[in-house]
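First the proteins, then the strands, lettered A, B, ... as listed; each starts at 1. Since this is a predicted model, take the numbers as computed values, not measurements. Both backbone and side-chain heavy atoms feed into the values below; hydrogens, waters and symmetry mates do not.
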Protein chains: 2
Amino acid sequence: MKNAMAKKLIIVEDDVIIREAFVTLINQSSDYIVVNAYSNAEDAIKKIKEDAPQICLMDIELPGMSGIDAIPKIKAILPDTHVVVVTVYENDDLVFKALCEGASGYLTKNTPSAKLIESLKELDSGGAPMSTNIARMVVSSFHKNRQTPLTARELEVLELLSSGKSYSTIATQLFIDKETVKSHIKNIYLKLEVHSKAEAIEKARKSKYI
Amino acid sequence: MKNAMAKKLIIVEDDVIIREAFVTLINQSSDYIVVNAYSNAEDAIKKIKEDAPQICLMDIELPGMSGIDAIPKIKAILPDTHVVVVTVYENDDLVFKALCEGASGYLTKNTPSAKLIESLKELDSGGAPMSTNIARMVVSSFHKNRQTPLTARELEVLELLSSGKSYSTIATQLFIDKETVKSHIKNIYLKLEVHSKAEAIEKARKSKYI
DNA sequence: AGTGTGCTCACCCTTTTTGGGGTATTTTGG
DNA sequence: CCAAAATACCCCAAAAAGGGTGAGCACACT
């Protein structure tokens, strides 16, 4: 028997076995009800308004539109619906792309059943369910590289440069002369082996110096 | 009785009640052993080399050096030690600062005992333990604002501008004329009510348009 | 005492970039 | 078909970028 306040879900997953398994599993919980399950994103989006789910479990690899691209389309129609990606991929690019597009969580398909239901509850209590490795990837993305050829001052300058500031503005902000800023930047270019702002920023971002 | 492979922990927490509670709790687990507990960061750092912990539980509000500032100092000595922040603060700035400085996890002090031990295990299995609200904050930090006055093309241009690229470079990359890039940027400045690259980037970042 | 590194500042030079003004055409979506 | 968006072009002056060279000062390390 369903709770009167049971949350509505939809599932988008092309593998019929997995899809049905999810439906069965989730419908066993009295707090959640699967209102629809789709094998592709296009159909799900077409019906999303009437389904009006609070939660959407989304696979990435789908025939036609990818699950990643489907996220912003769903959020455009129902901004408060939580889209949780459920996939086999633990690839950096996909994870961050999904999160940037608006995913509220990212689970890998080896997630045990109990953990899946628990993840749904986390959504309601203001959380963001992630599989172990995903959480590590996300947290690591904030970490800076502590092995940098640049000095602390150079990092400061590069940081400001990367926010679009001009030499003069950086100088004012650091209470130093514009010529000193130029010196620092010359040294930065030397050390990073680049010859322009854009290259320096790209290299520094890639190496996580900033 | 401790497991032979028991992980070594240190605890840095100024409140003696809480500190002792952590010690007692963690020492009950056969997989973890508290080798030392400190009431301030300075002492912990002084002894970190001989303590050689795999994990460090770190409070933020401490007498003297803050727990945030202690993180990079610890990682400088023992790069592979996981520092987990355990604090009452759920403030955005502190969370992201801690993660940027190298924290492997961020727990709030209301974390139940069982969950704390579970969090330690998550560290070993390649995870990043976070309290519910923290996980949401971290994931939300990736989300873009879908309500933007800018068009898709303008966002593309602004994105490239924010990576330090010049008008010409942006033009080449988008297969359009430099003059067109200028037009887009003029419109961006108009819409964002700014008059320079730096202001535009700052405003766009703050509003999470990019 | 000498060496090296980092931070600071200065002056030279040229080229590129930027921002603001205006105008106009084509493309696209509803 | 209309409006919005994307595209392109003109002119102009100020600012910024980049590259070169040199040099003083402090601090740490040997």
- Under 4.0 angstrom, heavy atoms only, what part of the nucleic acid is Thr180(B) near: base, sugar-phosphate, or nothing? base

- How do Glu179(B) and Pro149(B) order along DNA chain D: which one's closest nucleotide is nearer the 5' end? Pro149(B)

- According to a strict under-4.0 Å criterion, is Lys197(A) in side-chain N/O contact with OP1 or OP2 of dA17(D)? yes

- What is the distance from CG of Leu190(A) to C1' of dG6(C), rounded to the nearest Å? 14 Å

- Query: Is Asp51(A) reaching over with its side chain to a backbone N or O of Pro53(A), donor-acceptor style, under 3.5 angstrom?
  - Reply: no

- Query: OP1 or OP2 of dG19(C) less than 4.0 angstrom from a side-chain nitrogen or oxygen of Tyr189(B), does that happen here?
  - Reply: yes

- Message: So that I can tick it off, tell me whether Lys75(A) and Glu101(A) are bridged by a salt bridge, with the cut-off set at under 4.0 angstrom between side-chain N and carboxylate O.
- Response: no

- Message: With a 4.0 Å limit, can you tell me whether Ser168(B) has a side-chain N or O closer than that to the phosphate oxygens OP1/OP2 of dT17(C)?
- Response: yes

- Spacing of Lys182(A) atom NZ relative to dG6(C) atom C1', expressed in whole Å: 20 Å

- Atom-to-atom span, CG of Leu174(A) to P of dC9(C) - whole angstrom: 10 Å

- Task: Give a yes or no on whether the backbone of Ser166(A) and the side-chain of Lys197(B) come within a donor-acceptor separation of less than 3.5 Å.
- Result: no

- Measure from CD1 on Ile185(B) to C1' on dA8(D) and round the result to the nearest Å. 15 Å

- Would you mind telling me which residue lines up with the more 5' stretch of DNA chain C, Ser196(B) or Ser183(B), judged by nearest nucleotide? Ser196(B)

- Item | Earlier contact from the 5' end, DNA chain D, for Asp177(B) and Lys178(A) | Asp177(B)

- Query: When we call it a touch if two heavy atoms are under 4.0 Å apart, what does His195(A) touch: a base, just sugar-phosphate, or nothing?
  - Reply: sugar-phosphate

- Query: Has the side chain of Lys186(A) got a donor or acceptor that lies under 3.5 Å from a partner of the other kind on the base of dG18(D)?
  - Reply: no

- Whole-Å distance between dA17(D) C1' and Leu161(A) CG? 10 Å

- Message: With a 4.0 Å limit, can you tell me whether Arg153(B) has a side-chain N or O closer than that to the phosphate oxygens OP1/OP2 of dA4(D)?
- Response: no

- Message: Rounded to whole Å, please give me the gap between OH in Tyr167(A) and C1' in dA14(D).
- Response: 17 Å

- Query: Does Glu13(B) pair with Lys109(B) as a salt bridge, N-O distance under 4.0 Å?
  - Reply: yes

- Atom pair distance, as rounded to whole Å: CD1 in Ile176(B) and C1' in dT26(C): 14 Å

- Over how many whole Å does the gap from Glu199(B) atom CD to dT18(C) atom P extend? 15 Å

- Lys/Arg-Asp/Glu bridge criterion (N-O < 4.0 Å) met for Glu202(B), Arg205(B): no

- Is Ser166(B) near enough to dT17(C) that one of its side-chain N or O atoms lies under 4.0 angstrom from OP1 or OP2? yes

